[in-house]
Amino acid sequence: MRGQKLFIRPIEPADHETVSRFLSEQTGRAAVPVCGLLGKLVGELVAVMAMQITADALQIDDIVVAAGLRGKRIGRVMLDEAEQIAAKIDRTRLVVNTSHEFFRRTGFEREGERWIRQVRSHGAQRESQ
């Protein structure tokens with residue numbers, strides 16, 4: 001991924017066939033998320049994030065990164081994009097209901113059965129970039 005930019009955008013109806021095929025190949029499940037983001041490298045779909053917006057959080061239901069590209073920071077970039085979206089829509093945290101080491105490594109902390117990551121404000125995000 002070095003030297004390449006991950007292009008992230010919302011999943012659109014025209015993407016459903018491609019996203020379904022990608023998810024089927026990567027996970028064996030082909031259900032396209034109602035709300036989510038996709039990530040592309042050089043025009044190829046390499047990541048899908050399923051999410052939903054709740055009253056106070058942006059809930060991440062799943063992140064799938066192409067098997068051959070895991071460990072290349074793609075999931076982290078997808079999470080950073082989700083955090084920017086959460087800040088824009090005035091949500092204070094990212095929430096994940098599944099336990100996975102990836103989320104702990106990316107700043108999530110356990111809160112009961114869920115994993116939570118506080119969203120930095122727009123100003124704090126700009127200063128860190």
Side-chain angles (χ1 to χ4, degrees):
M1 189 175 138
R2 185 169 293 227
Q4 298 176 11
K5 181 158 175 54
L6 183 66
F7 176 70
I8 302 171
R9 67 172 173 78
I11 297 171
E12 299 173 353
D15 300 317
H16 281 217
E17 184 179 323
T18 304
V19 170
S20 177
R21 191 174 335 110
F22 173 80
L23 291 172
S24 181
E25 291 168 0
Q26 298 298 320
T27 68
R29 300 181 320 265
V32 178
V34 173
C35 179
L37 300 174
L38 58 79
K40 289 186 171 188
L41 279 177
V42 195
E44 290 293 318
L45 181 61
V46 297
V48 173
M49 177 186 294
M51 60 189 197
Q52 53 187 304
I53 299 165
T54 65
D56 67 339
L58 192 145
Q59 180 174 314
I60 299 167
D61 296 321
D62 199 9
I63 296 179
V64 178
V65 175
L69 296 172
R70 293 180 188 148
K72 307 249 185 252
R73 304 189 56 83
I74 292 170
R76 290 175 184 264
V77 173
M78 296 289 286
L79 283 177
D80 291 345
E81 183 70 19
E83 184 173 344
Q84 290 177 20
I85 291 169
K88 287 178 186 175
I89 60 174
D90 296 322
R91 298 307 187 269
T92 59
R93 53 199 185 150
L94 300 178
V95 175
V96 179
N97 290 322
T98 46
S99 177
H100 193 282
E101 180 64 17
F102 168 73
F103 295 111
R104 188 194 60 76
R105 287 192 323 260
T106 55
F108 284 77
E109 295 179 2
R110 186 179 273 304
E111 183 180 279
E113 295 294 313
R114 305 181 311 172
W115 289 83
I116 307 290
R117 181 166 119 180
Q118 296 301 317
V119 172
R120 296 175 290 173
S121 68
H122 280 313
Q125 287 178 354
R126 281 191 209 107
E127 290 170 13
S128 69
Q129 293 178 353

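Note that these values count all heavy atoms, side chains included, but never hydrogens, waters or copies made by symmetry.
- Looking only at side-chain heavy atoms (C-beta outward), Val95 and Trp115 stay at 4.5 Å or farther from each other.
- Here the CD1 atom belonging to Ile74 is positioned 11.5 Å from the CD1 atom belonging to Ile63, to the nearest 0.5 angstrom.
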Only pairs under 3.5 Å count here: list side-chain donor-acceptor contacts from residues 19-26, not counting sequence neighbours, and write none if there are none.
residue : atom : partner : partner atom : Å
Ser20   : OG   : Ala30   : O            : 3.0
Arg21   : NH2  : Glu17   : OE2          : 3.3
Gln26   : OE1  : Ala67   : N            : 2.8

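- More than 12 heavy atoms of other residues, nucleotides or ligands shown are found within 6.0 angstrom of NE2 on His16.
- Contact between Val65 and Arg70 at its shortest, heavy atoms only, is O-NE, 2.8 Å.
- Taking the ring-ring contact (aromatic ring centres under 6.0 Å, His included) definition, one finds that Phe102 meets it with nothing, sequence neighbours left out.
- Dense packing is recorded around CD of Glu101, with more than 12 heavy atoms of other residues, nucleotides or ligands lying under 6.0 Å away.
- Residues Glu109 and Arg117 are not paired through a salt bridge, judged by the lack of any N-O separation under 4.0 Å between the basic side chain and the carboxylate.
- Summarising the geometry, atom CD belonging to Glu83 is positioned 9.5 Å from atom CD1 belonging to Ile60; distances are rounded to the nearest 0.5 Å.
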For residues 31-53, run the donor-acceptor check on the side chains, cut-off 3.5 Å, and write out each pair with its distance to 0.1 Å, sequence neighbours left out.
residue : atom : partner : partner atom : Å
Gln52   : NE2  : Asp61   : OD1          : 3.3
Gln52   : NE2  : Asp61   : OD2          : 3.0

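- How far CD of Gln84 is from CZ of Arg120: 8.5 Å, rounded to the nearest 0.5 Å.
- Taking both residues in full, the closest heavy atoms of Gln118 and Ile116 are given as NE2-CG2, 3.6 Å, listed atom of the first, atom of the second, then distance.
- Atom CG of residue Leu79 and atom CG of residue Leu58 lie 10.0 Å apart, to the nearest 0.5 angstrom.
- Between Val96 and Arg114 the shortest side-chain heavy-atom distance does not fall below 4.5 Å.
- We find that Asp80 and Arg73 are not joined by a salt bridge, their nearest charged nitrogen and carboxylate oxygen being 4.0 Å or further apart.
- Salt-bridge annotation for Arg93 and Glu111: present, with a side-chain N of the basic residue lying under 4.0 Å from a carboxylate O of the acidic one.
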Worked verdict on Arg91 versus Ile85 for side chain to side chain contact (heavy atoms under 4.5 Å, CB included): CA-CA 9 Å; Arg91 298 307 187 269; Ile85 291 169; over 6 Å; no

Show your reasoning for whether side chain to side chain contact (heavy atoms under 4.5 Å, CB included) applies to Arg110 and Arg104.
CA-CA 8 Å; Arg110 186 179 273 304; Arg104 188 194 60 76; over 6 Å; no

